[in-house]
Amino acid sequence: MSKFYVTTPIYYVNAEPHIGHAYTAFAADVLARWHRLKGDEVFFLTGTDENASKNVEAAEKAGKPVADYVREMSARWASTLDSLGVSHDRFIRTTDSDHVRGVLDFIEKVKAGGDIYKGKYVGWYCTGCEAFVTESDLALGKCPIHQKPPKKIEEENYFFKLSKYKKQLLDHIANHPDFIKPVIRRNEIVSYITHHLEDISISRQGRRWGITFPGDDEQTVYVWFDALVNYITGGKWWPADLHIVGKDIIKFHCALWPAMLSSAGLPLPTQVFAHGFFTIDGKKISKSLGNAVDPVELAQAIGLDGLRYFLLREIPFGNDGDFSLERLKLRYQSDLANGLGNLVQRVLAMIEKYCDGKIPERADGSAAPTWQSYELKLADCSFDGALTDVWNLLKTLDGLIDREQPWVLAKTDPERLRRVLYTLAESIRHVAVLLWPFLTETSEKILDSLGVLDESRKKPYDKLKSWGLLAPGTRIKKGPPLFPRLT
Ligand code: MSP
């Protein structure tokens with residue numbers, strides 16, 4: 001049995017979750033579910049990043065004590081992820097006492113390695129990014145992401161000797177081509193490390209919120225130096241196999257974090273995969289623009305599986321992409337309702353009509369090529385690729401029906417008809433298993449309609465992937481359409 005440890009970034013609680021956040025969580029969730037299906041020991045970590053200045057600002061705006069505000073918002077995030085079917089094993093809050101203790105221990109290790117010193121920070125801080133920024137990060141004096149000028153800061157801080165790790169980081173990246181994916185982000189990081197890596201301030205002076213810096217009551221731990229450690233404090237083991245992150249936070253995950261780990265004498269995660277950014281109808285998702293689509297409302301309108309399918313199928317993971325309700329409805333109709341849903345209904349109807357509603361005797365076949373390709377794609381976070389493989393199989397099955405014309409075979413060659421119907425039904429069982437990590441509810445419905453018993457669903461992965469598991473004589477149960485018309 002292998003182990004698989006996957007994480008999402010922990011979310012700031014200064015605002016409600018939107019579909020951009022759901023996207024990161026869905027991607028990690030699919031991988032967690034796939035590895036569980038494979039029989040691996042999986043740990044899937046997500047949670048909330050609560051010690052940030054932007055949370056304090058949001059609490060002040062809401063007129064609430066910070067601790068109350070972050071507790072309420074964190075609960076909102078947790079329930080959103082639950083409603084979205086995200087199957088994490090732990091939801092960590094950076095205000096959890098085990099996390100706070102873990103951060104203090106971590107800093108002690110870094111201190112012991114001689115990598116922390118006190119100095120004066122004079123420069124800029126962007127609260128939106130929760131990052132110390134330099135002139136080169138700004139466009140016309142503003143943060144290009146948050147479109148706001150950063151705050152000028154002059155304070156005594158503790159510094160981390162990040163620059164000391166320049167060569168070590170570059171060597172690691174060169175020797176581990178899969179450490180940062182996709183390649184465009186790896187190149188970005190290599191250039192950043194080569195030209196801009198500097199020591200970084202890891203504390204803030206005179207703040208009331210956050211983790212108190214060990215040995216200095218005047219300072220709190222810089223929020224990223226605290227948040228990144230969640231991957232250790234919240235995990236069951238270390239290192240993680242995969243951190244899934246958005247492209248906006250790769251410097252922290254691919255430069256700062258590995259340097260912190262090296263300093264503490266800990267191994268590095270196997271991979272950081274950075275996905276792109278969603279826009280909505282061409283515009284950045286933001287509260288002020290009023291386009292921050294609530295993923296739970298959307299899932300209620302279109303079905304959770306419809307939403308998960310669309311987000312992971314529409315945009316190749318790693319690329320930027322646009323989200324539009326129109327595209328969502330189109331794909332729902334063409335791929336899910338007319339594609340998958342229709343095929344399943346047709347096959348079930350033919351088994352009812354021509355085989356007395358029972359699975360006919362076994363016929364030869366194989367879904368192995370689809371499985372092979374699908375597994376390679378999933379191992380590479382190519383969610384759209386894996387789904388395309390499944391839809392290619394559906395196309396082949398549609399083609400088989402068109403070619404064989406079961407309604408003609410019913411009159412001319414009943415034996416062949418039964419073979420064709422077995423092949424179709426067994427292939428649909430494979431489709432259900434292939435889709436299980438993505439569209440769990442739909443997958444279960446398909447297996448229900450094929451009469452697949454609970455114990456057959458829990459068979460080892462290799463068995464599930466093998467041909468012929470569908471037992472002849474099993475009674476099928478044609479249910480309501482899998483993807484009803486959208487209103
Ligand atoms: N708190 C930090 C992460 C700390 S991890 C140790 C953070 N939080 S966040 O709430 O701002 O973002 C969480 C994730 O959501 C990030 O991966 C970010 O890239 C992603 N997204 C936020 N908006 C997004 C889109 N519009 N599109 C796609 N993903 C987006 O960063």
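Basis for what follows: all heavy atoms, side chains included, without hydrogens, waters or symmetry-related copies. In listed order, ligands and their atoms are each counted from 1.
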Report yes if the side chains of Ser263 and Lys161 come closer than 4.5 Å at any heavy-atom pair, otherwise no. no
Would you say the side-chain atoms of His430 and Trp371 include a donor-acceptor pair closer than 3.5 Å? yes
Within 45° of the six-membered ring axis of Tyr192 and under 6.0 Å from that ring's centre, is NZ or CZ of Lys251 located there? yes
Pairwise, report which nitrogen or oxygen atoms of ligand 1 are under 3.5 angstrom from protein nitrogen or oxygen atoms, and how far apart they are.
residue: ligand 1; atom: 1 (N); partner: Ile10; partner atom: O; Å: 2.8
residue: ligand 1; atom: 1 (N); partner: Asp49; partner atom: OD2; Å: 2.7
residue: ligand 1; atom: 10 (O); partner: Tyr12; partner atom: N; Å: 3.2
residue: ligand 1; atom: 17 (O); partner: Gly246; partner atom: N; Å: 2.8
residue: ligand 1; atom: 19 (O); partner: Asp248; partner atom: OD1; Å: 2.6
residue: ligand 1; atom: 26 (N); partner: Phe278; partner atom: O; Å: 3.3
residue: ligand 1; atom: 27 (N); partner: Phe278; partner atom: N; Å: 3.0
residue: ligand 1; atom: 29 (N); partner: Gly20; partner atom: O; Å: 3.3

Cation over ring face, Lys152 and Trp124, 6.0 Å, 45°: yes
Over-ring placement of Lys38 relative to Trp34, 6.0 Å and 45° cut-offs: yes
Modelled atom types, side-chain donor and acceptor of Asp389 and Ser373, under 3.5 Å: yes
